[in-house]
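This report refers to the structure that appears directly beneath it.
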Amino acid sequence: MGTSTVTGRTRSMGALFTGVALLNTATAGLGTAATLIVAAGSGAVWSGLPSVANVLGTAAGALGAGRLLPVQGSRRVLAGGYGLAAAGALVAFAGALATSVVPLLLGILLVGLGNGGAQLSRYLAADLYPEDRRGRALATVVWGGTVGALAGPALMAPAADAAAGFGWPSLSGPAAVAVLATAGAALAAAFLPRHVPPPRELTAAVPGPVRPAGFARPLVAMVVAQLTMGAVMTMTPLQLQAHGHGLGVVGWVLSAHLFGMFALAPLSGRIADRWGPHVAVNAGLGVLALAAATALAAPTAHTSGLPIALFLLGYGWNLVFVGGSAQLSRDLAPETRRGVQGTVDAVVWSASALAGLGSGALFAGGGYGLVAVVGGVLALLPLAFSAARDGR
């Protein structure tokens with residue numbers, strides 16, 4: 001392997017990782033601030049609109065980026081998407097200054113469009129390496145989400161204080177951080193090399209049609225994981241609040257969840273490379289079912305059962321996400337890979353919106369226990385289907 005190829009891969013991985021970390025930082029802080037602004041101005045009933053705008057924008061962005069990447073290349077698509085996100089962050093910042101909901105939601109939608117490209121960065125990283133290292137490569141980029149998950153919320157308080165010092169509304173501070181973060185992501189994407197030679201196995205691949213099994217199985221597993229995680233995670237703060245716990249307890253439990261979602265991504269990548277993506281996916285579905293069972297068994301144990309359940313929920317999702325992504329980067333024909341990957345991400349992100357809506361109805365009808373039961377059953381269905389198919 002030539003020195004220029006190694007340098008190009010290192011430079012590409014650094015730019016991809018940085019872009020994902022900064023987009024996650026922007027999204028985490030801006031989304032939380034927007035939720036509080038909308039709730040204060042329009043009532044709690046509308047407080048979910050920023051999340052819906054982000055999810056829809058991300059789904060549309062992933063779909064569009066998947067179509068454009070084979071034609072325009074990673075540097076143009078990611079830099080353009082992150083530039084659009086920076087423009088959206090500016091619009092959201094203006095909305096936060098004026099405490100106006102419409103520009104705030106429009107800005108978040110545009111940030112989501114850029115975030116869709118960031119989500120596909122893991123596939124770009126996987127394609128830089130041979131098959132036996134793709135799981136670790138894409139997991140490294142997924143791990144970048146850890147930075148955003150920690151930095152976004154951590155920067156909210158100092159950003160709010162700085163905004164108040166300028167005489168601005170305090171919640172405009174996280175929006176200002178989102179402007180800087182998205183601009184930094186666009187700059188990082190501009191440093192992507194124009195071309196990095198792919199592994200020989202990719203250049204030698206024989207073009208062919210997409211095999212249905214090449215994307216149907218990981219798609220189903222990733223959608224199920226998103227539904228299970230989204231439903232249980234969304235209702236956990238309400239469950240804690242219903243039992244008299246404040247934001248401190250909610251933050252502790254959700255921190256355990258975020259740690260499970262991102263911090264162990266490199267381990268998931270090694271599992272996918274060592275034993276195969278399908279093993280990672282099946283293990284993740286099993287962990288998700290275990291998480292739901294733990295939440296059902298200890299729905300009020302805020303110092304033990306629930307943090308463990310939410311950690312397992314996050315890591316089960318991570319195993320499915322990394323394993324499914326590794327399978328999509330391995331089993332799809334090169335000429336159709338990007339379009340299918342973008343479509344899968346769009347469907348998965350759309351499932352997030354469905355999980356948010358459906359979990360509320362389940363919680364209202366049968367409480368947290370019903371949410372956990374439905375989530376666990378959903379996680380077990382693909383495993384049962386796979387076992388039946390293998391039996392035949």
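Quick note: numbers below take in every heavy atom, side chains included, and nothing from hydrogens, waters or symmetry partners.
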A side-chain contact here means heavy atoms from C-beta on lying under 4.5 Å apart; do Leu288 and Val224 qualify? no
Nearest-0.5 Å distance that lies between atom CG in Leu192 and atom OG1 in Thr18: 9.5 Å
Pairwise distance CG(Leu124) to OG(Ser74) - rounded to 0.5 angstrom: 5.5 Å
Verify, without hydrogens or angle tests, whether Arg67 (side chain) and Gly339 (backbone) share a donor-acceptor contact under 3.5 angstrom. yes
Quick one: do Gln226 and Leu378 satisfy side chain to side chain contact (heavy atoms under 4.5 Å, CB included)? Show the steps, please. CA-CA 10 Å; Gln226 197 74 28; Leu378 281 174; over 6 Å; no
Audit row: Asp273, Asp132, side chain to side chain contact (heavy atoms under 4.5 Å, CB included) steps and yes/no: CA-CA 5 Å; Asp273 287 339; Asp132 62 349; 5.6 Å; no
What's in the same ILVMFWY side-chain cluster as Trp349, cut-off under 4.5 Å, chained through other members? Val55
Measuring from Leu63:CG to Leu120:CG, what's the distance to the nearest 0.5 Å? 9.5 Å
Side-chain heavy-atom pair Tyr129, Arg9 within 4.5 angstrom cut-off: yes
Output, in order, the C-alpha distance, side-chain angles, deciding distance and verdict of side chain to side chain contact (heavy atoms under 4.5 Å, CB included) for Met229 and Leu313. CA-CA 6 Å; Met229 184 194 72; Leu313 190 73; 4.0 Å; yes
More than 12 heavy atoms of other residues, nucleotides or ligands under 6.0 Å from CZ of Arg11: yes or no? yes
Arg270 atom CZ, neighbour heavy-atom count above 12 within 6.0 Å: no
Side-chain contact test, heavy atoms from C-beta onward, threshold under 4.5 Å: evaluate it for Phe311 versus Thr294 and give yes or no. no
Within one Ile-Leu-Val-Met-Phe-Trp-Tyr cluster: Tyr315 and Leu296, side-chain cutoff 4.5 Å: no
Between Gln327 and Arg330, is there a side-chain donor-acceptor contact under 3.5 Å, judged purely by atom types and distance? no
Please determine whether side chain to side chain contact (heavy atoms under 4.5 Å, CB included) holds for the pair Thr236 and His257, giving the CA-CA distance in whole Å, both sets of side-chain angles, and the decisive distance to 0.1 Å. CA-CA 11 Å; Thr236 297; His257 175 64; over 6 Å; no
What I'd like to find out is whether the side chain of Val320 reaches to under 4.5 Å of the side chain of Met222, using heavy atoms alone. yes
CZ of Arg75: more than 12 outside heavy atoms within 6.0 angstrom? yes
One should read off an interatomic distance between Trp317 CH2 and Leu227 CG, to the nearest 0.5 angstrom, of 13.5 Å
hydrophobic_cluster_shared for Leu16 and Leu69, side chain cutoff 4.5 Å: yes
Counting C-beta onward and ignoring hydrogens, is there a side-chain heavy-atom pair between Val344 and Pro218 closer than 4.5 Å? no
Say whether, by atom type as modelled, one donor and one acceptor occur between the side chain of Ser325 and the main chain of Val322 under 3.5 angstrom. no
With a cut-off of 3.5 Å and sequence neighbours excluded, list every side-chain donor-acceptor pair involving residues 165-186.
residue : atom : partner : partner atom : Å
Ser172  : OG   : Pro169  : O            : 2.6
Thr182  : OG1  : Ala178  : O            : 2.7
Thr182  : OG1  : Val179  : O            : 3.1

Check whether any side-chain N or O of Asn54 sits under 3.5 Å from a backbone N or O of Pro50 as a donor-acceptor pair, and report yes or no. no
Quick one: does Thr228's side chain have a donor or acceptor within less than 3.5 Å of a partner on Ala225's backbone? no
Per the salt bridge (charged side-chain N to carboxylate O under 4.0 Å, His left out) rule, what does the pair list look like for residues 343-353, sequence neighbours excluded? Arg122-Asp345
